Number of protein chains: 2
Amino acid sequence: MTATPTPRVTIKDVAARAGVSKGAVSLAFNHKPGLSEATRDRIFRAARELGWAPNLTARTLAGSRVDVVGLAICRPARQLGLEPFYMEFISGVESVLTEHSCSLLLRLVRNLDEEVGLQESWWRGRQIGGSILVDFRADDPRVAAAQRLGIPAVAVGHPSLTGGLTSVWTDDATAVTEAVRYLAALGHRRIARVGGAAALGHTSIRAAAFDEAAGALGLAGAWQVATDFSGDAGARATRSLLTASAPDRPTAIVYDNDIMAVAGLSVAAEMGLRVPEDVSLLAWDDSQLCRLTHPTLSAMSHDVHGFGAEVARTLFGVIMGDGVGSHPVPTPVLTPRGSTAPPR
Amino acid sequence: MTATPTPRVTIKDVAARAGVSKGAVSLAFNHKPGLSEATRDRIFRAARELGWAPNLTARTLAGSRVDVVGLAICRPARQLGLEPFYMEFISGVESVLTEHSCSLLLRLVRNLDEEVGLQESWWRGRQIGGSILVDFRADDPRVAAAQRLGIPAVAVGHPSLTGGLTSVWTDDATAVTEAVRYLAALGHRRIARVGGAAALGHTSIRAAAFDEAAGALGLAGAWQVATDFSGDAGARATRSLLTASAPDRPTAIVYDNDIMAVAGLSVAAEMGLRVPEDVSLLAWDDSQLCRLTHPTLSAMSHDVHGFGAEVARTLFGVIMGDGVGSHPVPTPVLTPRGSTAPPR
DNA sequence: GATACGGACTTTACCGGTTAAGAAAACGTT
DNA sequence: AACGTTTTCTTAACCGGTAAAGTCCGTATC
């Protein structure tokens, strides 16, 4: 990739125009002491007149800050497009980065090894000042890698998965328990859960919490199905759960995202089952989609935008030298809408 | 943002270990002639043993390639999360960038002036090797800015909007016309269109095409409403269109994205109107959402992922010096599903 | 056997900043 | 007036690469 030449104005031009050395210009632009107010002004005026701003690449190379943070997402590209979660998450991250004139370096990777390699080369190549790690698995290799390299990183996931990294997480176990209790309180005794990718750490946390809650409440039936988060998979899972004959069929289903819940809604309709009379559905991640369906979807709702923002704020903290910490964000809260009701 | 010190291995270390000068290492890693196979091997071996890879920042500063492309999106951050289009588009872009070991620098901006400033500082600061420009408006300031600066850019939008920039675009006018003709052929005489943000160039292209098609077909009624693309706005627009008494009410509605169409579906249900018997709905951008509703949504469907990929490929062409060009991608094609039928 | 030439490397000068160390002027002290 | 301080600014080395210009050497040419 070659660059078309452009008349570039550098620190030298500014220095010349202000009648000082480039060192002085550097001092001025970094707000460091050692310059009189008068020269400082002259320098800024010259810079403004020339439309100059410090070159971040050079600045980075010279060893000061790097104002880019990395985010690698490890899912098949086509699947990603469908997930409302990520776009909302990213927009939350961006909202904080922007305040710091910081940009996001985004990359889709095919597997964790590739991600580890990418993070390493980003960091060693000073491409990023810190990184956001998402979608943790059990024994995730990124924990060790980030620590070995000393990358300032924030792990999005439960501390049990993120080892010694600073983490930002939602208490999914409590949320799942609340969801199950709510449905049980409505009178449901046979509840199913359509979960996400089995390899993902938060999926197993939710799965375990679901089993435990179901056991504690002595439910008559508790099913779990793993999917890839896609609408199609959600539809398939729902179909297989609902084909059982009436007494053995679940009367309520909890989904791991909202796309799959929407799919479930449509499968129920197609099978001639009414929601919520014949089967109750409960979504997760509550994007605006849940309010656009008919009936509207009850959901475990969750400020994903704010979550992203909190992750970015925490990352800035880590970059500034804050010690390792664990930052829980508010637990998803149950938002009952039209898709849940007592079973008949 | 300060960086934690890390033992960095540089080109000098590799050179020392291979017993050559750093210039030789540079030649080897850029696959340039002037080295014997033997030394080349020694250099690569040394690099592998030390785990070295060229520092992109330094490489950039030294004036060769920049392997980052920029994408600034100018919409309120919260609204963005909702648009399936962008995430799918980005994933398409990424799929091509990844092949070239290239990353995407993503930034949300509040307005076009901010974007122009950002593109300029990215480019002058050599942060990016090229840029993808989206959401064109009439007399878009980015056209002149990109040309003045000489930024290799690809404009996503109709050539009439993107001036002298290389563009990649879908023929929205033809697609709108096809949509209207299809509905008219089903027997609809009163058709409405729920459009996107009025300021956007493609919105006015679609609006004009809609009017023209409606006129040409001599429709009895043709309404258009502008929205902000959100589901809520789509719901409001649908509600106001459908509250008219029966004979004056549209019997078919075309939406500018799929989120609004889903919202429309639910508004119809809430108003006691059956889809498609009482009112036909036609979506745009056809994400998997359209196949998950009940009834499924007919849509003007469109490979958004492939669109993004094509944009990225075109950008690489521009960066490599291809002349200005206009690259149409396939026109959205009508995909009839369950939400359209002849009016009663 | 001197001359030219091409291949294989090395040297050196940047790229556009930062920063430690040095120098000149201004200031206060005795 | 001589001397230490401080303030203000300059110099020069460095960050980690690239690339043009040199150097050295073996060999083909006449």
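Here is the naming used below: chain letters follow the sequence lines, and residue numbers restart at 1 for every chain. All of these numbers come straight from a predicted model, not from anything done at the bench.
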S.K.: Once you round it to whole Å, what is the distance between P of dG17(C) and CG of L56(A)?
M.R.: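 It is 9 Å, rounded to the nearest whole Å.
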S.K.: Check the distance between dT8(D)'s P and R40(A)'s CZ and give it to me in whole angstrom.
M.R.: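 Distance check: R40(A) CZ to dT8(D) P gives 9 Å.
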S.K.: Rounded to the nearest angstrom, tell me the gap between atom CG in N55(A) and atom C1' in dT18(C).
M.R.: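 Atom CG in N55(A) sits about 13 Å away from atom C1' in dT18(C).
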S.K.: State, with a plain yes or no, whether a side-chain heavy atom of D140(B) is found less than 4.5 Å away from one of T162(B).
M.R.: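 Of all side-chain heavy-atom pairs linking T162(B) with D140(B), none is under 4.5 Å.
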S.K.: Backbone N or O of V134(B) within a donor-acceptor pair of the R142(B) side chain at under 3.5 Å?
M.R.: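 Indeed, once roles are kept as given, a pair shorter than 3.5 Å links the two residues.
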S.K.: Side chains of F307(B) and V156(B): closer than 4.5 Å at any heavy-atom pair?
M.R.: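 Yes; the side chains approach each other to less than 4.5 Å.
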S.K.: Do W52(A) and D13(A) come close enough that some side-chain heavy atom pair is under 4.5 Å?
M.R.: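 Contact flag for W52(A)/D13(A) side chains = no.
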S.K.: Would you mind reporting whether L133(B) and E115(B) have side-chain heavy atoms less than 4.5 Å apart?
M.R.: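 Of all side-chain heavy-atom pairs linking L133(B) with E115(B), at least one is under 4.5 Å.
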S.K.: In residues 30-39 of chain B, which ones come under 4.0 Å of DNA chain D, going by heavy atoms?
M.R.: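 Residues of residues 30-39 of chain B under 4.0 Å from DNA chain D: N30(B), K32(B).
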S.K.: What is the distance from CZ of R126(B) to P of dG17(D), rounded to the nearest Å?
M.R.: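 Distance check: R126(B) CZ to dG17(D) P gives 17 Å.
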S.K.: Output the rounded distance in Å from NZ (K22(B)) to C1' (dC14(C)).
M.R.: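 Taking atom C1' of dC14(C) as the reference, NZ of K22(B) is at 11 Å.
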S.K.: Whole angstroms only, please: what is the CD1-C1' distance between I11(B) and dC15(D)?
M.R.: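 Atom-to-atom, I11(B) to dC15(D), this comes out as 13 Å.
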S.K.: Expressed in angstrom and rounded to an integer, what is the separation of L61(A) atom CG from dA13(D) atom C1'?
M.R.: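 One finds 14 Å between C1' of dA13(D) and CG of L61(A), rounded.
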S.K.: List the steps, then state whether side-chain hydrogen bond (donor to acceptor under 3.5 Å, both in side chains) holds for H327(A) with T166(A).
M.R.: CA-CA 8 Å; H327(A) 301 244; T166(A) 289; 5.6 Å; no
S.K.: Parallel, tilted or perpendicular, judged at 30° and 60°: which one describes the rings of F89(B) and Y86(B)?
M.R.: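 Ring orientation, 0 to 90° scale: perpendicular.
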S.K.: For V20(A), report the nucleic acid contact type (base, sugar-phosphate, nothing); a contact means any heavy atom under 4.0 Å.
M.R.: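 Result for V20(A) = sugar-phosphate.
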S.K.: Identify which nucleotide among dT18(C), dC15(D), dG17(D) has an atom closest to any side-chain atom of A62(B), counting heavy atoms from C-beta outward.
M.R.: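 In terms of side-chain proximity for A62(B), the closest of dT18(C), dC15(D), dG17(D) is dG17(D).
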S.K.: Check whether any side-chain heavy atom of R110(A) lies under 4.5 Å from a side-chain heavy atom of T98(B), and answer yes or no.
M.R.: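 R110(A) reaches T98(B) side chain to side chain.
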S.K.: Looking at side-chain heavy atoms only, is the closest gap between L200(A) and R137(A) below 4.5 Å?
M.R.: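 L200(A) vs R137(A): side chains touch.
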S.K.: To the nearest 10 degrees, how far apart in direction are the end axes of the helix from dG1(C)-dC30(D) to dT30(C)-dA1(D), each fit to five base pairs?
M.R.: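 The angle, to the nearest 10 degrees, is 60°.
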S.K.: Hey, does the side chain of S21(A) come within less than 4.0 Å of dT10(D)'s phosphate (OP1/OP2), counting only N and O?
M.R.: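 True: S21(A) side-chain N/O within range (under 4.0 Å) of dT10(D) OP1/OP2.
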S.K.: Hey, which sits more toward the 5' end of DNA chain D by its nearest nucleotide, S26(B) or A58(A)?
M.R.: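 Per heavy-atom nearest nucleotide, the more 5' residue is A58(A).
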S.K.: On DNA chain D, check which nucleotide each of W52(B) and G23(A) is closest to and give me the residue with the more 5' one.
M.R.: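 The answer here is G23(A).
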S.K.: Round to a whole Å and report the spacing from CZ of R59(A) to P of dG16(D).
M.R.: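 Result: 18 Å.
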